[in-house]
Amino acid sequence: MIDTNAVFQEINIGIAQIVKQAAGQYAVQAEQDVKAFSDGAKVYIVEWVQQLNEGKMSKDEFEFLAAGRLKDLPQMHTLTQVGIAAATLDATRTKIVNFAIKTISARIG
């Protein structure tokens, strides 16, 4: 059984570290980006975890859905405003989504 509270705690810690690395001196301001991603992803993740727990979704189905739906959530508005390079922003978005997927996938029995 996947515990959504534990998942969100781990995801929030992990993506905060990813954003901190990308943001450098703007890490404190970038916390808004972390919260925005977490808030946006929560609805999807709660639904997917419920389906995973009930056996209504496979790990492969989850990973496919998550890769498609979560990729647009990390908008990184704060980092964009402070002038972080587009390539860095894209890499950061990819790392955030991959981290979220791996965190949940690791808990699938």
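In terms of modelled atom types and a separation under 3.5 Å, the side chain of Asn53 and the main chain of Ile2 share a donor-acceptor contact.
The distance from the CD1 atom of Ile13 to the CD atom of Gln9 is 5.0 Å, given to the nearest 0.5 Å. Note: His77 NE2 to Asp33 CG = 7.5 Å, rounded to the nearest 0.5 Å. Summarising the geometry, atom CD belonging to Glu47 is positioned 8.5 Å from atom CG belonging to Leu65; distances are rounded to the nearest 0.5 Å.
For Tyr26, the ring-ring contact (aromatic ring centres under 6.0 Å, His included) test picks out no residue, with sequence neighbours left out. With sequence neighbours left out, the side-chain hydrogen bond (donor to acceptor under 3.5 Å, both in side chains) criterion links Gln21 to no other residue. Here Glu54 pairs with Gln50, Lys56 under the side-chain hydrogen bond (donor to acceptor under 3.5 Å, both in side chains) rule; sequence neighbours left out.
Leu52 places none of its side-chain heavy atoms less than 4.5 Å from the side chain of Glu61. By the 4.5 Å heavy-atom criterion applied to side chains, Ile96 and Leu70 are not counted as neighbours.
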Carefully, step by step, assess Arg69 and Trp48 under the rule side-chain contact (heavy atoms from CB on, under 4.5 Å). CA-CA 11 Å; Arg69 292 212 178 134; Trp48 296 332; 3.9 Å; yes

As a quick check of understanding, evaluate side-chain contact (heavy atoms from CB on, under 4.5 Å) for Val19 and Met76, giving each step before the final call. CA-CA 9 Å; Val19 171; Met76 312 309 292; 3.8 Å; yes

Side-chain donor-acceptor pairs of residues 81-92 under 3.5 Å, sequence neighbours excluded:
from  : atom 1 : to    : atom 2 : distance (Å)
Asp90 : OD1    : Arg93 : NH1    : 2.9
Thr92 : OG1    : Thr88 : O      : 2.7

Below 3.5 Å, can you tabulate the donor-acceptor pairs from side chains in residues 36-43 to any protein atom, sequence neighbours excluded?
from  : atom 1 : to    : atom 2 : distance (Å)
Ser38 : OG     : Asn12 : OD1    : 2.8
Asp39 : OD1    : Lys35 : NZ     : 3.4
Asp39 : OD2    : Lys35 : NZ     : 2.9

Cut-off 3.5 Å, no hydrogens considered: what does the side-chain donor-acceptor table look like for residues 101-109, sequence neighbours left out?
from   : atom 1 : to     : atom 2 : distance (Å)
Thr103 : OG1    : Phe99  : O      : 2.7
Ser105 : OG     : Glu63  : OE2    : 2.7
Ser105 : OG     : Ile101 : O      : 2.9
Arg107 : NH2    : Glu10  : OE1    : 2.4

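Residues Ala16 and Val34 share a closest heavy-atom pair of CA-CG2, 3.8 Å.
Both Val46 and Tyr44 are assigned to one and the same hydrophobic cluster, defined by single-linkage of ILVMFWY side chains at heavy-atom distances under 4.5 Å.
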